[in-house]
Every structure is written in structure tokens, then in C-alpha cells.
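To start, the structure itself, in C-alpha cells.
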Number of protein chains: 4
Amino acid sequence: MSGTLNKVMLIGHLGDEVKMHYFEGGGCVGRFPLATNETYVSKQTNERVTNTEWHNIVVRNKAAEICEKYLSKGDRIYVEGRLKTRKWQDDSGNERYSTEIQCTDFTFLTTKKESEGQASNKMDPKKSIDNQQMANEPIGEEDDDLPF
Amino acid sequence: MSGTLNKVMLIGHLGDEVKMHYFEGGGCVGRFPLATNETYVSKQTNERVTNTEWHNIVVRNKAAEICEKYLSKGDRIYVEGRLKTRKWQDDSGNERYSTEIQCTDFTFLTTKKESEGQASNKMDPKKSIDNQQMANEPIGEEDDDLPF
Amino acid sequence: MSGTLNKVMLIGHLGDEVKMHYFEGGGCVGRFPLATNETYVSKQTNERVTNTEWHNIVVRNKAAEICEKYLSKGDRIYVEGRLKTRKWQDDSGNERYSTEIQCTDFTFLTTKKESEGQASNKMDPKKSIDNQQMANEPIGEEDDDLPF
Amino acid sequence: MSGTLNKVMLIGHLGDEVKMHYFEGGGCVGRFPLATNETYVSKQTNERVTNTEWHNIVVRNKAAEICEKYLSKGDRIYVEGRLKTRKWQDDSGNERYSTEIQCTDFTFLTTKKESEGQASNKMDPKKSIDNQQMANEPIGEEDDDLPF
DNA sequence: TTTT
DNA sequence: TTTT
């Protein structure tokens, strides 16, 4: 309906472990920072400069559990998702904004023994459906009544 | 699992109407050609050259029905999908190959009265699920037993 | 080198006019807010809910001038770019973060007379090069000495 | 100008070595097959099925030379490009079509000693520019007069 | 806080 | 013809 598109595609490395948060209703959310790098040659100094960009990845439910189980700090992953900027209040009552990538799909790019045969949510349509849904409900709601 | 990605993103115009094909089991598939243009300045002649590229779009089930209902020749659409090369035999028995875009998502970019409030499959998660499934089964199978 | 990817693809509508800022060295930057919508059916209320997400688009140099010339509030555009989170200080000296989309490519999706034949930066490779460069230098530097 | 988009994004493994072809004017083109996999559970048999899709990747000039130098059969790579269907004649004079991905950007995802610090065309804007140009000229023309 |  |  909306005629719009909101898509982010990242390949990067986890800067930390996946941090899980479980909701009362049974849903859960995982979060982890993802680093991407950009390298260019400065025109001023003629030196190579590397900038690291950090992205806040948010994964939900089944997908979050898979990420927690198979991903570790340093691992490389492909993440697809949507941009979402959350509003929150700091301790002084100021409005703050935080931009997150709500993950809708991912593929593990680091090969690890334990993750063999399990590294992607693409192998099971149900997991993809979870991911799809994940992006359709604001974080904070419980996703406890999955229809399958 | 596979650690691979197969994604196509197109914005283009329909070169023809959506052609539907219905399977016995109740599934269906819609096909239409999509044109994208590329313009560049030839280094030889210094003239602007426009090339049109034609893409074979394949949509399935609910998504196909929505496309047939709301899309017409000339309409602009955003299509997301996967590349798939089909093998077939021509009349002389020669092996032929045809590359298609198996649509997994789309957004209408032409505003038409009839399609108002309905132009995208993104408004209804179920339709997205259909699309998701669509890409998980080879064309030719019937998708008659949707689990929802 | 880095083996990473940082890509954003948006189709949305301008929430305001393009605001230009010119640097002393001759470079310039344009900024505008872009709205994307997401619609879903709430599981709690069974009602359709529409959320609007706002994105801060940043365009540079030639590309910025093209955007300023041909884009107006309400226009639809496809934007491709990279995510970049800037750190700044508010009046109280607090660290604040703002996430922007550094535009590397775009295509106008609204047809307007004035923009006919000019609506995209894709028609002129040089403009693409500018865009490409744009993403390689931090905002704040002047891009006045293009090497071609 | 055209208001269209033609983008392919793949992560896959090389099925063979990069095959180079040098033009008289000094330009060159590299080609290699790239495999992506899709896995799903068949609704008929309830078994997991894996399909491999093969993509014809075409890279040009500097980018082709980098690929030839650092990529080998089996390596994983991210490829971004445009779809292009070429028309050719088989021995019987029949019209045939072959769809290729004209590579505009890539990132190596396999870590190999030899490729350290060199694995992507993203580290040098000039190489990106070559890639950008690459897609602006039909294959078959010689790119012998690069302006940088 | 990642990686090369 | 790749990979897991």
C-alpha cells in the first residue's frame, strides 16, 4: 500500500556477544553491535583512512535465539533489515533518539563447527516468517501467540 | 544455512499485462516483462545512449492475483526477488535457458484510483508469507495447501 | 579490503525541501527528511496500524545541487546510501548521536515537467562519480579539487 | 533520468577460476560462475531440498584483474551488479539469450593470506570508478582510453 | 566493541 | 562447477 521501501543490508563483524532479553509473554529480543568499515585515501594527506561504523542490530524471537546460539563476538554476518529510530528519555528527561536495524533476514558468513547445517534462518521458512513478523510489531510488545 | 544471498531489486515499467496461469491444485502464477533503462554517454560518439533491459518477472499465488488486479502495462513497480535460470527444450530438442526473477516482494509505484490502499503486499503479513513461500517451491508444483 | 557492506535502500517521500549548505572550498551538502511507511495489522486490536519512519538523507556536491533543483516536499525518490552515525554535543554538553543516510545514488520517482530527462544522477557517469566520492570523505571536508 | 533500478546482490562461491579475456585496445573482462544455494523443506516429501543456482558474473578492467589475482574456485564473494541479457546466435543460427550479472562492486569474503589488505575494490575509489564505468558501456567495446 |  |  505504502509504496515505500525501507531496507538495510549489512555485512560486518559482531563487536560483542548477542544480548538477549526475554518478555513475559514468551517473546524475546536479541541485540548486538555490528561493525562495518570504510577505507579511503584522504585527498589532504594521501594516507589511507579507515572508519568504523557501528550498527545496532535487533533480532526477535526464533531468529534471536538462533543468533544467540551460533554467533559470537568477531563473527561475520550478513544482516538484512529495516531502519527504525526509537525515541527514549535520558536520566535528565531529555528526548533521545537511537537508530536500530530491525533484522528481517540474515546469513552467517563465519564458518564454525557448531553452526554447521544451522547457520542461516533461510533453511526454515517458519523462521523467516518469524523474522518477517518481527519487523511488523514494535519492540516491547510480546509475540507470545505465534500462529504456527 | 547456506551462507549465500540471491537478491534482485528492480524498479521498472511493465511491458505488458500480467499473464496468469492457474494450476489444478489451486495455485497460480503470474508473469510479466519489466523494463529498466540505462543511459550513458558513449565515449566513441559522445552521444547519449539508452539501453532497455527486459526482465521476466514471476509472481505466485496471492501476490500474483494482486498484481493481475492492480497492475497494467506501463505501470511502474518495485520488485524484489531471486534469480532463477530455468532449463527447457525448444521444438528442435535443444536445451535452452531462461532467467527469471522469482518475486518475493513488491511495491506499486504508480498511483491509480482503483489500487488506493491496496497497492502493496506489504500491508498484509499473510501476503508476504505467500511471497516468501513462493520462492521456496519450484514453479510447476501446486501450492494448494497453505498452512494458514 | 574490509570485507564489509553498508548499504541502505529507501523509497519514500520528502518531508521537506532540500536544505543546502555551502562550504568555503566550493563543496556543498544537501539534507532532507525522507518518510517511509510500514503498515501491519495489530494482533492485539486487529486494526491496521501505520508507522512512519523518518530518515535523514545527506547528499553532496553535484548530486546535492540536482536534488535541490528537481526535488520538492512530497516528491517520491529512491535513495541508496550508507549508514553513518554522527556524534555531536547538545547545548548542555551531552554527547548526542544522529544517524544519517549518506546518499551514494538516487532515482527520482515523481515525474515533473521540469525534471524531464534529468531526473536521475544515473544519466551522467560524472555525477555518479561525485556521489561515489561523496561517501568516501567525511562531511565537513571540502570536495573542491575533483581529480577529473 | 530513467527512474529505474537494476540491481543484483549475491553472496556465493566461485564454481571455477576467473577466466580473463583481453581486448586489443587494452581493456579486459573477467568471467566466473557463482553458486548460490536455496534450501527448503518440500511439502510433498517433508525432506530438505537444496537447489543450486548458477550466475554468470562479468567483471571489467581493473576490477577483473583484481578478481583474477585474488579469487580462486571455491572462494566466497559478495557481488553487486546489474542484470544484462545478451543475445547471441548458436551454430544453427538460432537466437539464444544469456543472462549475466555485470559486476559494479564486490567484496571478498574468503580470507586468504595473499589477499590481505587487497581483498576489495572498495579501498581505492579509482577502482570503484572503473567498476561504475564498466556498467556504462556494453561488453564488446574496448575501454582503452580510461581518463585516469 | 569487530575485522583486515 | 561452489559451499555447508
Side-chain angles (χ1 to χ4, degrees), chain A residues 10-19 31-40 48-57 66-67 70-79 101 107-124, chain B residues 1-6 85 87 97, chain C residues 1-6 85 87 97, chain D residues 10-19 31-40 48-57 66-67 70-79 101 107-124:
Chain A
L10 303 171
I11 295 173
H13 294 89
L14 274 78
D16 201 355
E17 303 298 327
V18 179
K19 300 287 166 54
R31 293 168 182 278
F32 58 87
L34 191 76
T36 57
N37 302 302
E38 152 184 51
T39 313
Y40 64 94
R48 172 159 305 156
V49 182
T50 295
N51 285 329
T52 297
E53 195 63 33
W54 287 100
H55 311 272
N56 303 310
I57 311 296
I66 295 171
C67 285
Y70 296 109
L71 284 178
S72 301
K73 186 175 172 172
D75 281 350
R76 180 149 57 183
I77 186 178
Y78 165 81
V79 167
I101 285 88
T107 293
F108 296 167
L109 297 175
T110 300
T111 308
K112 292 205 301 216
K113 290 120 306 221
E114 352 142 39
S115 68
E116 261 166 28
Q118 298 247 33
S120 164
N121 67 334
K122 290 198 176 144
M123 62 186 182
D124 184 346
Chain B
M1 177 229 46
S2 66
T4 66
L5 175 73
N6 177 354
T85 299
K87 198 181 188 171
Y97 296 89
Chain C
M1 177 229 45
S2 66
T4 66
L5 176 72
N6 176 354
T85 299
K87 198 184 191 169
Y97 296 89
Chain D
L10 304 171
I11 296 174
H13 293 91
L14 273 80
D16 201 354
E17 304 297 326
V18 178
K19 300 288 167 57
R31 295 168 181 274
F32 58 89
L34 192 75
T36 57
N37 302 302
E38 154 184 48
T39 314
Y40 65 92
R48 171 158 306 155
V49 182
T50 296
N51 285 331
T52 297
E53 195 62 35
W54 287 100
H55 311 272
N56 304 310
I57 312 297
I66 294 171
C67 285
Y70 295 109
L71 283 179
S72 300
K73 185 175 173 173
D75 282 348
R76 180 150 56 183
I77 186 177
Y78 165 81
V79 167
I101 286 89
T107 294
F108 296 167
L109 298 176
T110 299
T111 308
K112 293 205 299 215
K113 289 118 309 216
E114 353 142 37
S115 68
E116 262 166 29
Q118 298 246 31
S120 164
N121 67 333
K122 287 192 178 150
M123 62 185 181
D124 184 346

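The chains referred to below are lettered A, B, ... by the order of the sequence lines, with proteins before strands, and numbering in each begins at 1.
No side-chain heavy atom of Asn37(A) sits less than 4.5 Å from a side-chain heavy atom of Asn6(C). Between Ile11(D) and Tyr78(A) the shortest side-chain heavy-atom distance falls below 4.5 Å. You'll find the side chain of Phe108(D) stays beyond 4.5 Å of the side chain of Asp75(D), heavy atoms only. By the 4.5 Å heavy-atom criterion applied to side chains, Ile101(A) and Asn56(A) are not counted as neighbours.
Distance Asp16(A) CG to dT2(E) C1': 10 Å, rounded to the nearest Å. The distance from atom CD1 of Ile11(A) to atom C1' of dT4(E) is 15 Å, rounded to the nearest whole Å. If you measure from atom NE2 of His55(A) to atom P of dT2(E), you get 15 Å, rounded to the nearest angstrom. Put simply, NE2 on His13(D) is 17 Å from P on dT1(F), counting in whole angstrom units. The CZ atom of Phe32(A) sits 14 Å away from the P atom of dT3(E) (whole-angstrom rounding). For the pair Asn51(D) CG and dT1(F) P, the computed distance is 17 Å after rounding to whole Å. Atom CG of Leu10(A) and atom C1' of dT1(E) are 16 Å apart (whole Å). When rounded to the nearest whole Å, the span between CG of Leu71(A) and P of dT3(E) equals 13 Å.
Residue contacts for Gly12(D): at a heavy-atom cut-off of 4.0 Å it reaches no nucleic acid atom on any strand shown. If you check every strand for non-hydrogen atoms under 4.0 Å, Thr52(D) touches a base.
The side chain of Lys73(A) sits closest to dT1(E) out of dT3(E), dT1(F), dT1(E). Residue Ala35(D) places its side chain closer to dT2(F) than to any other of dT2(F), dT2(E), dT1(F).
For Thr4(C) against dT3(E), no side-chain N or O and base N or O form a donor-acceptor pair under 3.5 Å.
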